[in-house]
Structure formats: structure tokens, C-alpha cells
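Let me begin by presenting the structure, written as C-alpha cells, before commenting on it.
A, B, ... follow the sequence lines: proteins, then strands. Residue 1 opens every chain.
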2 protein chains.
Amino acid sequence: MQLPISNTDFKVVRETALLGGLSDAALRNIISDSSAQQYTRGQTLFTQGDNADAFFVVLEGWIKVFRLTTSGTEAVIGIFTRGQNFAEAAAFTGGVYPVSGEAVTDSRLLRVSARRLFERIRESPEIGLAMLASTSQHLHLLVRQIEALKAHTGAQRIAEFLLELAASSNGRCVVDLPYDRALIAARLGMKPESLSRAFNRLADFGVSIVQRQAIIEDVERLQDFAERERAEIMRGRGED
Amino acid sequence: MQLPISNTDFKVVRETALLGGLSDAALRNIISDSSAQQYTRGQTLFTQGDNADAFFVVLEGWIKVFRLTTSGTEAVIGIFTRGQNFAEAAAFTGGVYPVSGEAVTDSRLLRVSARRLFERIRESPEIGLAMLASTSQHLHLLVRQIEALKAHTGAQRIAEFLLELAASSNGRCVVDLPYDRALIAARLGMKPESLSRAFNRLADFGVSIVQRQAIIEDVERLQDFAERERAEIMRGRGED
DNA sequence: CCGGCAATTTGAGTTTGGTCAATTTGAAGC
DNA sequence: GCTTCAAATTGACCAAACTCAAATTGCCGG
């Protein structure tokens with residue numbers, strides 16, 4: 001189902017790393033034959049191995065991108081929401097999508113054919129730079145994820161996740177969990193059971209979870225825990 | 001210590017994803033004020049947080065890039081060798097290097113100031129495309145690494161590592177370990193002790209390790225093990 | 001060949017986190 | 001309010017992987 005682009009949508013597009021810095025004329029040309037598409041929860045945007053011919057901007061809702069292993073296991077690579085673009089690197093370099101994309105909630109996305117943007121790169125080097133800036137951001141997020149997987153325990157990774165959602169850098173803070181627990185677990189590289197258990201352990205650091213909210217009593221305290229050396233935690237000194 | 005660029009070096013530069021597809025004239029202009037630099041084992045190329053002003057091409061040797069966590073732990077993100085470029089994304093988008101770079105062996109690298117390449121992007125869109133292609137490759141490698149960390153056991157990750165080094169896709173194959181065991185372990189997200197132990201377990205899949213070589217008796221058999229579902233391995237059916 | 005030292009392996013114990021299954025919770029629909 | 005069902009939590013058990021330390025191996029230089 002395709003919907004026209006409203007002014008509200010246009011403003012969201014203006015928030016993206018990829019398209020936000022372009023001139024009005026350039027932007028309107030690039031999205032001139034794009035339109036907002038509705039996806040219901042669970043619907044597939046593209047599948048790993050498909051020809052990569054478009055990238056996406058999230059207007060509303062949540063999208064997960066994941067690798068499907070040979071054995072059929074899903075490894076979540078990233079989760080995107082409103083104001084974020086993704087899949088542009090694969091779309092511009094051609095070939096296939098290295099991941100699959102799926103709507104986690106009912107969503108609305110702008111699907112942008114890469115051909116139009118690709119053609120304009122010849123006349124407008126700023127587009128190449130915008131592409132690189134956006135891809136560089138994604139790269140940085142992946143680097144941070146690898147760091148967390150390699151250097152931190154599951155509970156620490158959850159702490160980092162909550163801290164990123166916290167609006168304040170100190171004091172008490174209430175945070176809304178943006179998507180369901182199974183997906184949070186998958187995003188952080190653990191199973192839902194382990195997520196539940198680690199939530200309980202975070203009580204020792206002033207965190208309580210009530211339905212879709214996390215209450216952090218002392219943001220700095222949680223930050224200290226998140227930044228602790230893993231070895232220190234594993235030899236039983238991780239708790240107050 | 002700076003050395004001039006030989007014809008041999010020039011050929012190596014021609015192998016890189018970033019510079020390999022450029023015209024001769026463009027390439028010579030870009031590296032006109034670059035020269036090969038010698039780094040001794042353990043020497044730092046750049047430190048996380050430094051201003052990102054150059055990218056690198058490995059002419060000889062091995063380089064690791066890694067994140068330094070707040071607590072001082074090192075998380076290896078990637079390892080590069082001859083014919084590979086790295087750090088270009090950070091260099092072109094400005095800001096700081098998100099990782100540190102260090103020579104793992106005595107090495108020779110071409111250090112390329114990003115300014116020269118940056119200037120030429122205005123006249124030559126192919127440079128923007130080359131940058132994107134190169135960065136996209138790095139993105140893909142990171143995605144694969146996250147997949148392996150989330151969906152596979154340590155022994156499987158080692159199997160994948162060996163299979164990537166194998167020259168043949170079936171039968172018996174002898175593989176040289178390209179760098180020391182501690183670094184292999186760090187690259188694969190485990191400790192050296194665990195690497196040793198997993199090597200022993202891989203004997204059940206026809207792999208033997210002798211000094212700096214791995215002997216794979218049956219590449220396909222090892223491939224089967226690597227691709228198995230993690231849950232299957234963890235419930236004790238991972239062995240023949 | 002010998003000695004020194006760094007890298008690696010092995011041993012022992014602990015913790016993290018997975019698998020499997022049962023129970024509980026919460027949301028949605030009637 | 002009740003029922004249904006999916007999501008989440010909890011329990012029990014097990015193994016992967018970590019920490020720490022000791023033993024072994026291999027490389028390099030004299």
C-alpha cells in the first residue's frame with residue numbers, strides 16, 4: 001500500500017543522515033518517484049540475497065535487519081526507527097542485500113530507488129559525501145556492537161542499552177523500552193531467558209523493570225557498572 | 001621512517017578496494033605526496049579519539065584495529081594485511097578515529113592524507129563511489145563478525161576462520177595461521193585459553209594444529225560443523 | 001648447545017549464559 | 001469480566017567460556 005509524502009514525512013526525511021544535508025532541489029528530485037509504504041508487523045522488506053536496488057527511510061515504526069545463518073538462525077544486526085535510513089550501502093554498490101529487513105511493528109517507510117540517487121552522484125558530489133557519512137555512522141554502530149559483545153557481560157550490555165535511552169546523564173530516570181523483550185535480547189546477543197535474569201541482577205544497581213519501563217535510580221551508578229572491566233565482574237567483585 | 005613508493009608497492013595499491021579502480025592519473029595524484037612508512041611490531045598508527053586525517057594501505061605485514069573500552073580492555077575489531085586499506089571512512093567524514101591501529105608485525109604502510117582525496121571528489125565522482133564500495137566491504141565484514149559472535153560457538157568461529165584461509169573447498173588442506181594465537185583468539189572474541197581448548201575439540205572434525213599450521217583432513221566436514229545450529233551443538237549433539 | 005623469556009597449553013575452579021520446560025503475566029477480543 | 005494465547009519469567013540442569021595459575025613449548029640470541 002502506497003501513500004503520498006506529507007509535509008510531516010518530509011520533515012522526517014530531513015532528519016536522516018543520508019538525505020538531511022541535501023539541498024531542497026536535490027532532495028525533491030531524489031524522492032520524486034518515491035512514496036511512503038505501509039508494512040504490517042512481521043512483513044519482510046527485503047531478503048538476504050535479493051538484488052539490492054533501494055534503500056529505506058523509516059517514517060514510523062521499527063524495523064530490524066538480521067542475518068540468516070545457513071542453519072536458519074537469526075542474528076539481529078540492527079534496529080532502525082523514525083528518522084533513520086538503512087540499506088543504502090548495499091543499494092549503491094549493487095549486488096545483493098547482505099541482510100534481511102523486517103517490520104517489527106506496523107510501520108511506514110519511504111522506499112527510495114538507488115538508481116535516481118546514483119545518477120545524481122555524477123553531477124553532485126555532495127551526495128557521495130552524504131552517502132559516506134551515513135555509511136560511516138552505521139560502521140561506527142557496528143564497531144560499538146562488536147566491542148560490547150567481546151568486552152562486556154550480558155548484564156553490562158543491557159545497562160548500556162538502557163543508558164543510551166536515558167534522557168539524563170545523572171539522577172533518577174525513567175526509560176521506555178522501545179520494543180519487546182525478545183527483540184531487545186536478540187539485539188544484545190542473548191536469549192530472552194538471560195535478559196530476564198540479567199534484569200533481576202540489575203536491581204543491585206538501582207534498576208527496576210515494570211512492564212515496558214525501566215526505572216534507573218541513579219544513572220551514574222549504572223554507568224559505573226556498565227564501564228567496569230569484564231574480568232572484574234567475573235571474579236565476583238561486580239556487585240556492591 | 002619513510003620510504004619511496006616502488007613499482008611493487010604501486011601494484012599492491014592497485015589491489016585495494018579503495019584505490020584499485022581509479023584511473024592512473026587520479027591515483028598518482030592522490031598518492032603523490034604519500035610515501036611508504038615503516039612500523040615496527042607493536043607500534044601505534046593512530047589512537048582512538050585522534051583527529052582522523054589519513055587512511056592507510058598495507059604494503060607488508062599485519063595491522064590490528066581495536067576499541068579501547070573505558071576500563072582499558074581491548075576489543076579487536078579487524079585485522080588488515082597486504083593489499084587492504086582501512087580507516088578511510090573516519091578520515092573522509094572527519095572527526096576522530098573510533099578505533100586505534102597498531103602494527104602486529106613489522107609492517108610497511110602507505111599513509112594517504114584524506115585531504116588530497118577529499119579535494120578530488122569534487123571533480124571526480126568515481127572517487128566517491130570507490131570510497132563507498134570500500135566502506136561497504138568493511139561494513140559487510142563487521143556484519144559477518146556480529147553474526148558469528150551471536151549465532152556460533154567459539155569452536156565454530158575457529159572453524160570458520162580456518163575455512164576462510166583454506167585454498168580448497170574440499171579434501172585435505174593445510175593452512176598457515178597468519179598471526180599469533182593470542183591475536184586469533186582476540187579477533188574471534190575469545191581468550192587464548194579457550195582457543196587452545198577449542199583447537200583440541202576440533203580434532204573430532206579432522207583438524208590438527210602443529211605450530212603455525214592447521215591441517216584440515218576434510219574441508220567439507222569442517223564446513224558442516226561450522227554451519228551447524230548453535231543450539232544443536234549446545235545440547236551435546238555437535239560431535240560425530 | 002644453553003639460557004631466557006614470551007607464547008601457549010593445561011589444570012582447577014567459577015561464572016555466565018544456554019537449553020528445555022513449566023508457570024505466570026498481560027494484552028486483546030468478546 | 002472471562003477466555004485465549006503470546007510473551008515473559010522462573011526453575012533446573014548443563015556446558016561454554018572465563019579467571020587464575022602452573023607447566024610446557026618454542027624462538028631467539030649469545
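- For C:dT16, neither phosphate oxygen OP1 nor OP2 lies less than 4.0 angstrom from any side-chain nitrogen or oxygen of A:Thr153.
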Mind listing the N/O atom pairs, protein and nucleotides 11-14 of chain D, below 3.5 Å?
| unit_1 | atom_1 | unit_2 | atom_2 | d |
| --- | --- | --- | --- | --- |
| D:dG11 | N7 | A:Arg197 | NH2 | 2.5 |
| D:dG11 | O6 | A:Arg197 | NH2 | 3.0 |
| D:dA12 | N6 | A:Arg197 | NH2 | 3.3 |

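- Comparing B:Arg230 and B:Arg181 by the nucleotide of DNA chain C whose heavy atom lies nearest to each, the residue mapping closer to the 5' end is B:Arg181.
- Regarding contacts with the backbone of D:dA8, every side-chain N or O of A:Gln211 stays at 4.0 angstrom or more from both OP1 and OP2.
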Given B:Gln145 and A:Leu142, is the side-chain contact (heavy atoms from CB on, under 4.5 Å) satisfied, shown in steps?
-> CA-CA 9 Å; B:Gln145 200 180 159; A:Leu142 295 182; over 6 Å; no
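- Of the side-chain N and O atoms in A:Ser196, one or more sit less than 4.0 angstrom from OP1 or OP2 of D:dT9.
- Electrostatic pairing of A:Lys64 and A:Glu74 counts as a salt bridge here, judged by a charged N lying under 4.0 Å from a carboxylate O.
- Toward the 5' end of DNA chain C, the nearer of the two residues B:Ser194 and A:Arg212, judged by each one's closest nucleotide, is B:Ser194.
- A salt bridge does not link B:Arg82 with B:Asp9: none of the charged nitrogens is closer than 4.0 Å to a carboxylate oxygen.
- Ion pairing between a basic and an acidic side chain is recognised when a charged N comes within 4.0 Å of a carboxylate O; B:Asp53 and B:Arg111 show such pairing.
- In this structure, A:Arg201 reaches the C:dG17 phosphate: one of its side-chain N or O atoms is under 4.0 Å from OP1 or OP2.
- Using a 4.5 Å heavy-atom cutoff, the side chains of A:Pro98 and B:His140 are in contact.
- The CG atom of B:Leu202 sits 16 Å away from the C1' atom of C:dT9 (whole-angstrom rounding).
- For the pair A:Leu149 CG and D:dA17 P, the interatomic distance rounds to 13 Å; values are reported in whole Å.
- Annotation: B:Arg212, atom CZ; neighbour count of heavy atoms from other residues, nucleotides and ligands within 6.0 Å is above 12.
- Side-chain rings of B:Phe80 and B:Phe56 stay apart, their centers remaining 6.0 Å or farther from each other.
- When the nucleotides C:dT10, D:dC18, C:dT8 are ranked by their closest atom to the side chain of B:Asn200, C:dT10 comes out on top.
- Taking atom CZ of A:Arg235 as the reference point, atom P of C:dT16 lies 13 Å away to the nearest angstrom.
- Atom CG in B:Leu188 sits roughly 14 Å away from atom C1' in D:dA17 (whole-Å rounding).
- Here the C1' atom of nucleotide D:dT10 and the CZ atom of A:Phe199 are 15 Å apart, to the nearest Å.
- Here D:dA7 presents its P atom at 16 Å from CG of A:Leu177, a figure rounded to the nearest Å.
- Atoms NZ (B:Lys191) and P (D:dA21) sit 15 Å apart, rounded to a whole Å.
- Rounded to whole Å, atom C1' of C:dT16 lies 11 Å from atom CE of A:Met190.
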